[in-house]
Amino acid sequence: CLFSRGNLSPYLTPPKDLDSKEKVFQIRFTREIFRDYQDYINRLNLYRQRVWSCKISGKSNLTFEEALVSEHHAVSKAQKLPTELMAPVLRMIQYSTLGLYELVEKIYASLQEAVFEGLELYAKQDGLEAACRILKILGSDGTKMYEVGWLLRDKTIISTSVIKGEDLIHRRPPVSRNTLKIFIRDATSQNAPWVIHENLAKRYGIPIEPPNDMMFGEGLQKKGRKRREDGPMGDPKKKMKNDEEHINVPIKYPIDDLLVQPSADDHALLKRPPLATDFRVPKYSVGDLLMVWDFCLSFGRVLNLSPFSLVDLENAICHKESNALLVEIHTAIFHLLIKDEGDYFTILRTKKRKLKVTLVTWAEYLCDFLEMTKTEELTRNIATVRKGYYSLIDTDIKLKILRELVEEAITTSPVREKLSERVDQRQALAATKRESTRKAKDEQNSSIDGLQDDNESVDEQGKGKEEKDKNNISRSKTEGKRHGVQHLETEIEKLSIRSSPLGKDRHYNRYWFFRREGRLFVESADSKEWGYYSSKEELDVLMSSLNVKGIRERALKRQLDKLYSKISNALEKRSKEITHKLLLEEAVLRRSTRVRAQPRDNPSMSFLKYVNKWKDN
């Protein structure tokens with residue numbers, strides 16, 4: 001059974017009537033005291049079992065002491081949030097119904113343009129970009145002006161000046177997504193919706209009462225509220241009258257899913273199918289795996305990195321030997337960061353590194369990046385990488401390193417330019433689609449009107465044939481226009497900027513579909529658990545289990561209905577590919593009984609054959 005420290009009962013109280021001279025046994029990291037040696041050993045052995053997890057970072061398979069240390073590090077990291085940002089960030093968290101991933105993204109995006117005293121960023125100085133620190137926020141005729149101190153590499157201020165807001169250059173928010181994720185978990189007592197700790201709310205002036213739209217009925221009482229003036233139970237007659245009125249008021253659906261009460265007509269809702277969870281990476285790392293894979297495929301041309309499958313990436317990450325796929329991914333992102341000439345480029349120039357990363361030297365550049373992150377969980381692996389043992393690093397740490405690289409890559413100019421280009425292309429295609437749809441409707445309507453006018457002037461003998469011919473012509477034109485609109489929809493989808501969940505179910509679990517992967521992924525509300533559906537039958541049962549009386553499940557059902565053909569086709573295609581793969585593996589196994597088969601012949605080791613066909617030589 002996996003415990004978290006949050007589920008642990010309070011530490012044992014010291015034995016009663018302890019004598020100051022009495023010999024006892026004490027556990028060092030909990031300070032618990034025992035008279036009996038066997039009780040002490042039993043408790044210590046419990047703490048030594050790897051069944052504990054850090055409730056803040058989500059890291060599991062820890063001893064109790066390791067979980068304590070992990071929580072301490074996570075809290076220390078969360079406390080790095082600038083004081084000026086505490087109140088606005090806490091306001092965005094309080095009573096938010098977003099999942100952890102979406103909430104982090106929302107806050108991260110809002111901080112992208114945040115400016116406050118003490119913030120370090122870049123600004124234009126004499127036509128060049130230079131590092132600076134905001135010393136004071138000024139106002140001049142409604143125009144924001146800023147007094148900044150220009151910084152050397154060691155953060156020393158060499159001079160000051162006053163600049164306009166338009167001269168500030170926001171390369172990245174003042175805190176990382178990972179710091180925000182840890183801060184959210186540490187600052188809250190529950191997550192559906194998120195509720196921050198009461199003492200923290202009072203300290204920063206955050207409202208404690210939930211918003212009105214979360215209240216179901218005027219009579220809802222929350223623990224801790226004042227009792228009614230007419231006594232603890234209120235006036236019994238008044239209460240009965242209020243209850244009767246509440247019962248008689250018809251509920252207007254949809255409402256919040258958690259407020260939907262089972263009714264007689266809900267018996268048709270089927271039980272949700274169980275999720276497959278046979279990932280090779282830890283379940284809490286699946287989100288990082290998907291993020292890295294989706295980024296690499298979405299921006300493959302920018303990275304000069306040819307496509308690869310999600311399964312190949314997962315197998316490569318778990319492989320305990322160096323492999324070309326992982327090396328190519330790291331190298332491609334390093335070249336992108338160098339091309340951007342940002343912080344990483346500056347570090348390399350300072351160390352007088354060559355600006356061409358090779359398959360032999362890539363580990364040195366990885367060490368430079370890990371030093372730049374200043375994240376203890378990552379920097380402690382520098383020595384291992386330098387010794388040439390990168391492949392032996394824990395799988396979850398490999399994925400965290402890649403996630404940090406991707407987050408850095410997203411801020412680069414080439415990626416932002418590509419995003420802007422795709423936005424423009426999507427808008428142009430969307431406008432063309434609207435125009436095509438309008439023309440198709442106009443032509444269909446005019447064809448119908450023409451048929452009615454012509455039908456009035458033909459005799460009975462020719463009427464049937466002419467109507468049939470005109471109908472066929474009209475139908476042909478309309479279908480041609482419809483196919484054109486469908487083609488435009490496909491092209492718009494190809495230009496998708498980033499993946500987002502299809503929707504959420506009653507319990508805030510998020511559902512993800514990637515057009516290049518034939519699985520429907522499900523992410524838990526706290527982002528610690530992942531699973532997936534892989535068959536059309538499971539998709540059908542899932543859709544039948546959704547209750548459209550709830551706001552979230554109704555929206556999710558609509559999205560699944562809209563994309564049903566696309567998702568079901570992808571699921572069936574993957575099932576056929578897996579069947580083919582199993583047949584190949586069986587053939588390899590049969591051949592290996594006669595001839596020693598090479599490991600690369602096994603389809604599950606196909607990542608070893610990866611060659612980057614888009615590499616910029």
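Every value quoted in this text rests on a predicted model; they were computed, and no experiment measured them. Start at 1 with the first residue, then count along the sequence. Hydrogens, waters and symmetry mates play no part in the numbers below; they use all other heavy atoms, side chains included.
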I'd like to check [X] versus [Y] (side-chain heavy atoms, cut-off strictly below 4.5 Å). Are they in contact?
X: L100; Y: D526; answer: no
X: N612; Y: W614; answer: yes
X: L399; Y: D396; answer: no
X: I338; Y: V357; answer: yes
X: S309; Y: E577; answer: no
X: K339; Y: T412; answer: no
X: L310; Y: R519; answer: yes

Worksheet item: Does the side-chain contact (heavy atoms from CB on, under 4.5 Å) test come out yes or no for T375 and K400, once each step is laid out?
Response: CA-CA 11 Å; T375 304; K400 285 179 180 177; over 6 Å; no

Ignoring hydrogens and geometry, is there a side-chain-to-backbone donor-acceptor pair from [X] to [Y] under 3.5 Å?
X: S420; Y: R416; answer: no
X: E66; Y: T63; answer: yes
X: Y610; Y: S306; answer: yes
X: N323; Y: L326; answer: yes
X: S285; Y: V281; answer: no
X: Q190; Y: P193; answer: yes
X: W293; Y: F308; answer: yes
X: N381; Y: E377; answer: yes
X: R554; Y: V548; answer: yes

Worksheet item: Is it true that K418 and E421 have a side-chain N and a carboxylate O under 4.0 angstrom from each other?
Response: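 Between E421 and K418 there is a salt bridge, with a charged N closer than 4.0 Å to a carboxylate O.
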
Using the test ring pair (Phe, Tyr, Trp, His ring centres under 6.0 Å), find all partners of [X] that sit at least two apart in sequence or belong to another chain.
X: Y532; result: F279
X: Y390; result: H330, W362
X: F295; result: F299
X: F334; result: Y344

Kindly write out the residues that satisfy side chain to side chain donor-acceptor pair (under 3.5 Å) with [X], not counting sequence neighbours, or none if the list is empty.
X: T358; result: T361
X: D288; result: R403
X: T373; result: none
X: R280; result: N315

Item to complete: Go through the side-chain N and O atoms of N178 and S176 and say whether any donor and acceptor fall under 3.5 Å apart.
Response: no

Item to complete: Return yes if a side-chain donor-acceptor contact under 3.5 Å exists between S413 and D340, otherwise no.
Response: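 Side-chain D/A pair, S413 to D340: present.
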
Discussion item. Would D505 and R272 count as a salt bridge (charged side-chain N to carboxylate O under 4.0 Å, His left out) here? Give the steps.
Written reply: CA-CA 11 Å; D505 64 17; R272 208 147 292 176; 3.4 Å; yes

Practice prompt. Mark yes when over 12 heavy atoms from residues, nucleotides or ligands other than K576 sit less than 6.0 Å from its NZ; otherwise mark no.
Written response: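 Open.
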
Discussion item. Using the rule given for salt bridge (charged side-chain N to carboxylate O under 4.0 Å, His left out), can you reason through D561 versus K557, listing the C-alpha separation, both sets of side-chain angles and the distance that settles it, and then say yes or no?
Written reply: CA-CA 6 Å; D561 283 335; K557 178 78 161 49; 3.2 Å; yes

Response to the item:
Residue pairs meeting ring pair (Phe, Tyr, Trp, His ring centres under 6.0 Å), one or both in residues 540-567, sequence neighbours left out, come to none

Identify, with sequence neighbours excluded, every residue that meets salt bridge (charged side-chain N to carboxylate O under 4.0 Å, His left out) alongside [X].
X: E538; answer: none
X: D257; answer: R552
X: R386; answer: E371

Discussion item. If you apply the rule salt bridge (charged side-chain N to carboxylate O under 4.0 Å, His left out), what do you find for E553 with K504, and how did you get there?
Written reply: CA-CA 7 Å; E553 295 202 350; K504 292 175 281 191; over 6 Å; no

Discussion item. If you apply the rule salt bridge (charged side-chain N to carboxylate O under 4.0 Å, His left out), what do you find for K536 with E572, and how did you get there?
Written reply: CA-CA 7 Å; K536 182 175 177 293; E572 290 183 329; 5.2 Å; no

Practice prompt. Compute both the distance and the angle, then confirm whether K549 meets the cation-pi test with Y253: under 6.0 Å from the six-membered ring centre, within 45 degrees of the axis.
Written response: yes

Practice prompt. Using the side-chain hydrogen bond (donor to acceptor under 3.5 Å, both in side chains) rule, take S527 and E523 through it: C-alpha gap first, then chi angles, then the decisive distance, then the call.
Written response: CA-CA 6 Å; S527 303; E523 176 190 14; 2.9 Å; yes

Worksheet item: Taking all atoms of both residues into account, what is the closest heavy-atom pair of H319 and L608, and its distance?
Response: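 Result for this residue pair: NE2-CD2, 4.1 Å.
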
